[in-house]
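What follows is a short report on a single structure.
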Amino acid sequence: MIDKKRMYDNLKRLVSVPSISGTADEEAGAEKIQELLLEIPYFQEHPDQVMLLPIKDDPFDRKLIAAFLPAPETTEDTVILTGHYDVVDVEEFGSLKDIAFDVDEITERIKELPLSKEVLEDYESGDYLFGRGVLDMKYGHVASIELLRYYSEEKTLKGNLLYVGVCGEETNSEGMLAAVEFFNRFRKEKGLKYRLMLLMEGYLVDGQEDGIRYIQYGNAGKVMPMFFCIGKTTHGEEPLLGLDANMLSSEVYRLMHTNPLFCQNNHGITTSPPCGLKLQDMKENYSLSTTLYAASYYNIATIKLDPEDLMKKLVAVAGEAFDNTIELIKKNVSGFEKLAGRVPDHYMPEPKVQTFAEFYQDIEKDFDGDLKEFVKEKLAEFMSENPEMQDSCVRLMKCLAGISKDKTPRIVISIIPPYYPDVNLNMEDPDTAKMMENMEDIIRYAADEYGETIKTSEYYGISDMSYTWLADGLDFDALFENLIGVGSIYQFPGEDLKEFKVPGMVLGCAGKDMHKYTERLEKHYNFDVLPDLYLRAIENIIG
């Protein structure tokens, strides 16, 4: 049977490990999960079915943690249980940050910090556990471990369970990106068919109603285009003789930031407009020269992205920005002529827009050596100085522009990490149709057995679910070929993603305030109700 006390004790043990994203402590999360898995008698007898899998070239030596529980009789039908074991930092806990990973103590002492009326009521009710990671998302791992224990003892399941815990979800999803290759390889080795992926992260719904639980499917995505502007330098006392890259870049920013052209509609949902994340130039020191390089990048939320169409829109915006800049130069030249009675000496650029792939190919023609290896070495160098992929991509563009023999002004459009595809499941797919029936059954069962009201919600937020189903019939190569850092600082499994398809649902735990010091997990639903719903969800698919 599902042992609630053991789940509670294991949750405290797992939370006690400060597996903060992007730190050396993150790996300890996988090691603690391995310890908990090996306490299960089946895995003590079959330790080879528990796997710590190193992530290639990872700066923190992080690992995936996997466990495979085969059915008593050989079958291909498999359900994946997954989630991330990393957590965000605890600086927000202030004076209590040293006990943020001690569930009992932080639950007792959280009242020492300022609490809203709602949080105070939840605290006084005694029905919540506080602590970093209780909701996001160590409960999900504890539940997975208990499910593996249950089915290893019952030996009644007619399908296989594959558990995979991943790192890096709170940063750039490095763990799930590595897991995609593992899922494909393991499937082939074992002759498996993945019928369902079950993510046990806390549900997160815009406008969610009190007292309502949720099951979510599909996944929102995000893409970050960068516009790198190359100008023509001139002395600051003769600005019309050059082209300031900032002039181009600021016009791109004006056209991109909050532009509804990039909003998407699907199933009655509309994404927010794009947001400018950074606008910068590459001028390092003061001088009376105009700026040669400038860059800006943007966050675009997606729910139904056509990658080829996106690139066309980005090129069109860059072209419009260049045309507008030229018109402004002409206007300024004309204004000077009216004042001075003469046409000033000036430079008039020709508009030029390139994708990163086109820019790279032009450089490669004249480059003396292996450009791919050069780029890899440069990115590694930049990351060693500042381990931020976005900054390294900007610096790479400056480096490539410097070695390019073509010095004409231009705007180069690339995609920078991380990229999260949106997931729109194919409802005609048999496994997806079965998953939808599964959700309907769980909703009925929860109402009848527990008096719980559960609703479905499409598009879970940005998460590792993004890497489970690339939309059919779309040309993702148009985007992938312009994604900077692939194979070096960003292990993006483009080809593996085309192969890996599994319908996924978030049957999430209940709680509040992810990423805040008031993060808390509801006891009753998560320990008295949800484990039974997990059993039903699994058995509906491979029971």
Side-chain angles (χ1 to χ4, degrees), residues 2 4-5 7-8 11 15 83 103 106-108 110-111 113-144 146-147 198-220 267-269 435-463 465 504-538 540:
I2 297 295
K4 292 185 291 184
K5 184 181 184 303
M7 283 183 65
Y8 176 73
L11 179 63
V15 169
V103 174
I106 193 66
T107 298
E108 171 63 27
I110 192 67
K111 62 182 181 295
L113 298 177
L115 303 180
S116 69
K117 180 182 178 182
E118 179 186 0
V119 177
L120 187 59
E121 288 175 352
D122 288 346
Y123 166 77
E124 292 175 343
S125 74
D127 195 33
Y128 285 85
L129 297 174
F130 289 77
R132 173 60 77 233
V134 289
L135 174 64
D136 187 19
M137 63 157 289
K138 293 189 174 180
Y139 168 88
H141 295 280
V142 169
S144 295
E146 190 63 23
L147 289 168
L198 190 57
L199 177 63
M200 301 174 179
E201 192 157 1
Y203 56 76
L204 195 60
V205 180
D206 288 338
Q208 65 187 46
E209 305 166 64
D210 288 341
I212 306 297
R213 319 299 187 178
Y214 292 89
I215 305 177
Q216 295 171 276
Y217 62 98
N219 211 86
H267 300 296
I269 298 171
M435 182 189 76
M436 301 303 288
E437 294 172 2
N438 190 2
M439 289 191 290
E440 293 173 4
D441 175 77
I442 291 168
I443 290 170
R444 288 192 298 268
Y445 180 77
D448 293 343
E449 294 294 320
Y450 297 102
E452 293 282 358
T453 300
I454 301 180
K455 292 184 177 181
T456 60
S457 172
E458 194 166 3
Y459 297 121
Y460 191 67
I462 302 298
S463 78
M465 287 270 286
M505 60 186 255
V506 181
L507 184 53
C509 52
K512 300 176 183 178
D513 292 351
M514 292 184 187
H515 294 203
K516 299 179 181 180
Y517 67 81
T518 49
E519 177 182 358
R520 56 202 185 276
L521 182 79
E522 185 182 328
K523 293 180 186 177
H524 167 65
Y525 181 72
N526 296 311
F527 290 99
D528 297 333
V529 179
L530 194 52
D532 193 24
L533 302 187
Y534 286 143
L535 294 176
R536 194 168 185 89
I538 292 169
N540 281 343

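Here the structure is a predicted model, which means the values were calculated and not measured.
Residues forming a side-chain hydrogen bond (donor to acceptor under 3.5 Å, both in side chains) with Y534 (at least two apart in sequence, or on another chain): none. With sequence neighbours excluded, no residue forms a ring-ring contact (aromatic ring centres under 6.0 Å, His included) with Y459. Under the salt bridge (Lys or Arg N to Asp or Glu O under 4.0 Å) criterion, D122 pairs with K512, R520, not counting sequence neighbours. With sequence neighbours excluded, no residue satisfies salt bridge (Lys or Arg N to Asp or Glu O under 4.0 Å) with D532. Partners of T518 by side-chain hydrogen bond (donor to acceptor under 3.5 Å, both in side chains), not counting sequence neighbours, listed by chain and number: D513. K5 meets the salt bridge (Lys or Arg N to Asp or Glu O under 4.0 Å) test with D9; sequence neighbours excluded. By the side-chain contact (heavy atoms from CB on, under 4.5 Å) test, S463 pairs with E169, L199, N219, Y460, M465, sequence neighbours left out. In this structure L533 satisfies the side-chain contact (heavy atoms from CB on, under 4.5 Å) test together with I442, Y445, A446, I454, L507, Y525, V529, L530, sequence neighbours excluded. The ring-ring contact (aromatic ring centres under 6.0 Å, His included) test applied to Y139 returns F527, not counting sequence neighbours. Looking at residues two or more places apart in sequence or on another chain, you find no side-chain hydrogen bond (donor to acceptor under 3.5 Å, both in side chains) involving E124.
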Go through the steps for S144 and M200 under the test side chain to side chain contact (heavy atoms under 4.5 Å, CB included), then give the verdict. CA-CA 8 Å; S144 295; M200 301 174 179; 3.3 Å; yes
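Panel note: side chain N526, backbone E522; a donor-acceptor pair is recorded below 3.5 Å. No side-chain donor-acceptor contact under 3.5 Å links Y123 to the backbone of E118.
Residue A537 comes nearest to N438 through the heavy atom pair O-ND2, 3.0 Å, listed as atom of the first residue, atom of the second, then distance. Nearest heavy-atom pair across L11 and K138 is CD1-C, 3.8 Å.
Here NZ of K4 is found 12.0 Å from NZ of K523. Values are rounded to the nearest 0.5 Å. Between S457 atom OG and Y203 atom OH the span is 11.5 Å, to the nearest 0.5 Å. With rounding to the nearest 0.5 angstrom, the CE atom of M439 is 11.5 Å from the CG atom of N540. The OH atom of Y450 sits 9.0 Å away from atom NE2 of H524, with the distance rounded to the nearest 0.5 Å.
Taking 4.5 Å as the limit, every side-chain heavy atom of T456 sits out of range of all side-chain heavy atoms of Q216. For the pair I215/V506, no side-chain contact is recorded, criterion being any heavy-atom separation below 4.5 Å from C-beta on. The closest side-chain heavy-atom distance from L115 to Y517 is below 4.5 Å.
Sorted by first and then second residue, the pairs that involve residues 445-461 and meet salt bridge (Lys or Arg N to Asp or Glu O under 4.0 Å), not counting sequence neighbours, are E209-K455, R213-E452.
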With a cut-off of 3.5 Å and sequence neighbours excluded, list every side-chain donor-acceptor pair involving residues 128-136.
unit_1	atom_1	unit_2	atom_2	d
R132	NE	V88	O	3.3
R132	NE	D89	O	3.2
R132	NH1	K516	O	3.2
R132	NH1	E519	OE1	2.7
R132	NH2	D89	O	3.1
D136	OD1	H84	NE2	3.0
D136	OD2	H515	NE2	3.0

